[in-house]
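Here is the structure we will look at.
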Amino acid sequence: MTDSSLILLGIIGAPHGVRGEVRIKAFTGDPLAIADYGALSDRKGRAYEITDVRPAREVVVARLKGVTTREAAEALNGTELLVPRDRLPPSEDEDEFLQADLIGCAVVDPAGAVLGTVTAVENYGAGDLLDIETPDGRSVLMPFTKACAPRVDIAARRIEAQPPAGLFEPEEERPDDAER
């Protein structure tokens, strides 16, 4: 299975308790739904079956089949949990996108001029941001909203942007504070 056909659903974090439970940062819409996909795998092809899951503050706490000690749970810290793309349910919302599909898309202005390429999708708590590398190598964070990205064409690998004024303008050189 190619790496591009696998979708990241979560990352195993620190152990929880002494009986092998792990914390998982889930990237599913409903964090508890990570258990609904059946066996998940890591990048080396090892399978992990979630046998029990419950909510915690910003993660879920899960029991994985065969992981019964804190030491075994500690060894999994940082493991990415992946699922084949074909096991994902179809989206009911035409404005819902997988982060994996957005990365690599060209970002263009309404006239078609290339503003950059999406390198990552970030979320610091106030909504999704597209991390866009500009042609001159700068990194620009643009809100991923309908107002800023009114048209997304995944098949064409293209996002038409209406960015806030000045967002893609290079920062002008500022004089040193010592010169002021």
Side-chain angles (χ1 to χ4, degrees), residues 1-13 23-38 40-46 48 57-60 76-174:
M1 193 164 299
T2 65
D3 214 36
S4 64
S5 68
L6 296 173
I7 303 298
L8 178 65
L9 290 188
I11 299 175
I12 297 175
R23 292 174 177 92
I24 299 176
K25 179 170 177 69
F27 303 123
T28 51
D30 170 8
L32 294 175
I34 193 167
D36 297 341
Y37 290 89
L40 305 173
S41 64
D42 63 16
R43 296 212 182 266
K44 294 180 181 175
R46 292 180 291 226
Y48 301 92
R57 288 189 177 165
E58 297 190 12
V59 297
V60 295
L76 297 175
N77 193 355
T79 300
E80 294 181 329
L81 299 173
L82 308 155
V83 66
R85 179 183 288 272
D86 62 9
R87 289 209 341 237
L88 295 177
S91 176
E92 295 175 12
D93 182 356
E94 68 180 34
D95 289 329
E96 183 175 271
F97 305 97
L98 295 175
Q99 290 183 9
D101 291 339
L102 296 171
I103 295 171
C105 284
V107 179
V108 299
D109 69 14
V114 174
L115 298 172
T117 304
V118 177
T119 59
V121 180
E122 306 290 347
N123 188 318
Y124 300 106
D128 290 330
L129 298 167
L130 299 179
D131 190 345
I132 301 165
E133 183 177 341
T134 64
D136 63 1
R138 292 178 296 120
S139 178
V140 173
L141 291 174
M142 182 181 83
F144 188 51
T145 63
K146 192 73 166 170
C148 290
R151 283 178 273 304
V152 178
D153 186 344
I154 296 298
R157 311 285 301 139
R158 175 185 161 103
I159 298 171
E160 186 177 308
Q162 294 275 346
L167 185 65
F168 283 90
E169 300 300 319
E171 290 184 25
E172 295 181 5
E173 292 185 24
R174 298 183 185 129

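Quick note: numbers below take in every heavy atom, side chains included, and nothing from hydrogens, waters or symmetry partners.
By the 4.5 Å heavy-atom criterion applied to side chains, Phe27 and Ile34 are not counted as neighbours. For the pair Arg46/Thr79, no side-chain contact is recorded, criterion being any heavy-atom separation below 4.5 Å from C-beta on. Residues Val152 and Phe97 are in side-chain contact: their nearest non-hydrogen atoms beyond the backbone lie under 4.5 Å apart.
For the side-chain contact (heavy atoms from CB on, under 4.5 Å) test, residues two or more places apart in sequence or in another chain that qualify with Glu96 are Ser91, Asp93. Partners of Asn77 according to the side-chain hydrogen bond (donor to acceptor under 3.5 Å, both in side chains) rule, which considers only residues two or more places apart in sequence or in another chain, do not exist here. Ala35 meets the side-chain contact (heavy atoms from CB on, under 4.5 Å) test with Ile50, Val53; sequence neighbours excluded. For Thr119, the side-chain contact (heavy atoms from CB on, under 4.5 Å) criterion is met by Asp131, Glu133, not counting sequence neighbours. Residues passing the side-chain contact (heavy atoms from CB on, under 4.5 Å) test with Pro164 are Cys148, Leu167, sequence neighbours excluded.
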Under 3.5 Å, which donor-acceptor pairs do the side chains of residues 111-118 form with other protein atoms, sequence neighbours left out?
none

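Asp136 and Arg138 are joined by a salt bridge, as a carboxylate oxygen and a charged side-chain nitrogen come within less than 4.0 angstrom of each other.
Judged by distance alone, the side chain of Arg157 and the main-chain N or O of Ile103 form a donor-acceptor pair under 3.5 Å. With hydrogens and angles ignored, the 3.5 Å screen pairs no side-chain donor or acceptor of Arg158 with any backbone N or O of Val108.
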Problem set entry | Candidate pair Ile132 and Ile159, rule side-chain contact (heavy atoms from CB on, under 4.5 Å), full reasoning | CA-CA 11 Å; Ile132 301 165; Ile159 298 171; over 6 Å; no

For this session: Applying side-chain contact (heavy atoms from CB on, under 4.5 Å), run through Asp109 and Phe168 and close with a yes or a no.
Result: CA-CA 10 Å; Asp109 69 14; Phe168 283 90; over 6 Å; no

For this session: Start with the C-alpha distance between Leu81 and Leu8, add both sets of side-chain angles, then the distance that settles side-chain contact (heavy atoms from CB on, under 4.5 Å), and finish with yes or no.
Result: CA-CA 6 Å; Leu81 299 173; Leu8 178 65; 5.6 Å; no

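In plain terms, the two heavy atoms of Gly38 and Arg87 that are nearest each other are C-NH2, 3.7 Å. Taking all atoms of both residues into account, the shortest heavy-atom contact from Arg85 to Ala100 is NH2-CB, 4.4 Å. Heavy-atom minimum distance, Pro110 versus Ala161: CD-O, 3.3 Å.
We find the CG-CG distance between Asp86 and Leu6 to be 9.5 Å, quoted to the nearest 0.5 Å. If you take OH on Tyr48 and CG on Asp42, they are separated by 4.0 Å, rounding to the nearest 0.5 Å. Atom CD1 of Ile11 is separated from atom CD1 of Ile24 by 10.5 Å, given to the nearest 0.5 angstrom. Put simply, OG1 on Thr28 and CG on Asp36 are 8.5 Å apart, with the number rounded to the nearest 0.5 Å. Note that CG of Leu102 and CD1 of Ile154 are 5.0 Å apart. Values are rounded to the nearest 0.5 Å. To the nearest 0.5 Å, atoms CG (Leu129) and CG (Leu141) are separated by 5.5 Å.
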